[in-house]
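Please read the structure below before turning to the comments.
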Amino acid sequence: MTGHTDVVVIGGGQAGLAAGYHLRRQGLDFVVLDARATPGGAWQHTWDSLHLFSPAAFSSLPGRLMPTQPGEEYPDAGHVVAYLSDYEKRYELPVQRPVQVLGVHDDGRLLRVETDSGTWHARAVISATGTWWRPFLPAVPGRGDFAGRQLHTVSYRRPQDFAGRRVIVVGAATPARRSPPTSPTTPN
Ligand SMILES: Cc1cc2nc3c(=O)[nH]c(=O)nc-3n(C[C@H](O)[C@H](O)[C@H](O)COP(=O)(O)OP(=O)(O)OC[C@H]3O[C@@H](n4cnc5c(N)ncnc54)[C@H](O)[C@@H]3O)c2cc1C
């Protein structure tokens, strides 16, 4: 398939959907191409126990507050997936999936976006591809010699998988649940 549009958004996670919301408000023609078969971006692939680190009201995309999850001050990943699925339906965002973008080329007047199911030509391209799909494993000296199992958090699912083992977690960036900021984001 070949198509022409003002803007191609690569990635239909929360960043791609928020971009789509504003492109629609500007009256631009656009398409969102997402490699996953279903909505939700990275939130579909996280570990079982993951919850947002902020309450729902502080985790909203433009235009629509995230509803609270009954019984959970900090919504779980399934709630985020449901919210994102509802969001793209509600705003009728033109998300095509599964479509994997393979390359973006400058043809002079337009950008040519090659995908596994055709070519798009656009005046602009927004890359909203997230961080989940290319995890960074630092080059720690001796890592190649370590005989035990090594994994990145994108492959972690649950603690039971490590029962009886000695485990070292490298990195402690994402905080545990913490106090929310003083005021929620105001929807546009
Ligand atoms: C563990 C973890 C916890 C987090 N918790 C919070 C939180 O509590 N609150 C908060 O605000 N933020 C949180 N974040 C940060 C952020 O909200 C999430 O990372 C969020 O998923 C980022 O959205 P995104 O749209 O940028 O990327 P993603 O959700 O990763 O979406 C990117 C999309 O791009 C698609 N894609 C990638 N490459 C291609 C390609 N070549 N062609 C087509 N499609 C492609 C993918 O399939 C995917 O659907 C967290 C992040 C992590 C990693």
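We count ligands from 1, going down the list as the structure has it; atoms in each ligand are counted the same way. Values reported hereafter were calculated over all heavy atoms of this structure, with side chains retained and with hydrogens, waters and symmetry mates removed.
- Applying the 4.0 Å criterion to heavy atoms of G130 picks out, from ligand 1, the atoms 26 (O), 27 (O), 30 (O), 32 (C).
- Distances from atom 1 (C) of ligand 1 to the heavy atoms of W43, W47, F58 put W47 nearest.
- Compare W133, Y156, Y74 by their heavy atoms: the one nearest to atom 30 (O) of ligand 1 is in W133.
- For the pair L17 and ligand 1, no heavy-atom separation below 4.0 Å is found.
- No more than 12 heavy atoms of other residues, nucleotides or ligands shown are found within 6.0 angstrom of CZ on R123.
- Taking a cut-off of under 4.0 Å to the non-hydrogen atoms of V99, the atoms of ligand 1 that pass are 42 (N), 43 (C).
- Proximity of the aromatic rings of W43 and H79 is defined here by a centroid distance below 6.0 angstrom, and this criterion is not met.
- If you look at L102 next to ligand 1, there are no close heavy atoms at all, none under 4.0 Å.
- On a distance-only criterion, L50 and ligand 1 share no N/O pair closer than 3.5 Å.
- Atoms of ligand 1 lying under 4.0 Å from at least one heavy atom of L33, given by number and element, are 43 (C), 44 (N).
- Distance CG/L111 to NE2/H105: 10.5 Å, rounded to 0.5 Å.
- Close contacts of ligand 1 with L52, meaning ligand atoms under 4.0 Å from a residue heavy atom, involve 7 (C), 8 (O), 9 (N).
- With hydrogens and angles ignored, the 3.5 Å screen pairs a side-chain donor or acceptor of S60 with a backbone N or O of M66.
- No salt bridge links R112 with D106; every basic N to acidic carboxylate O contact stays at or beyond 4.0 Å.
- With E88 contributing its side chain and L17 its backbone, the two residues share no donor-acceptor pair below 3.5 Å.
- Inter-residue side-chain proximity for V7 and I126 is flagged as met; some heavy-atom pair is nearer than 4.5 Å.
- Of the options A128, G12, G41, the smallest heavy-atom separation from atom 32 (C) of ligand 1 is shown by A128.
- The environment of R134 atom CZ is sparse: at most 12 non-hydrogen atoms of other residues, nucleotides or ligands sit within 6.0 angstrom.
- Within the 4.5 Å cutoff, side-chain heavy atoms of Q96 are placed close to those of V31.
- Remark: ligand 1 and A35 share an N or O pair separated by less than 3.5 Å (distance only, no angle test).
- With T119 contributing its side chain and T115 its backbone, the two residues share no donor-acceptor pair below 3.5 Å.
- Near Q100, meaning under 4.0 Å from one of its heavy atoms, ligand 1 places the atoms 40 (C), 41 (N), 42 (N).
- Considering backbone and side-chain atoms alike, R36 places an N or O below 3.5 Å from some N or O of ligand 1.
- For F30, there are no ring-ring contact (aromatic ring centres under 6.0 Å, His included) partners, not counting sequence neighbours.
- Residue D34 places at least one N or O, backbone or side chain, under 3.5 Å from an N or O of ligand 1.
- Using a 4.0 Å cut-off to heavy atoms of W132, the atoms of ligand 1 that qualify are 53 (C).
- In the vicinity of I10, heavy-atom distances shorter than 4.0 Å reach the ligand 1 atoms 40 (C), 42 (N), 43 (C).
- The distance from ligand 1 to the heavy atoms of G13 drops below 4.0 Å at these ligand atoms: 25 (O), 31 (O), 33 (C).
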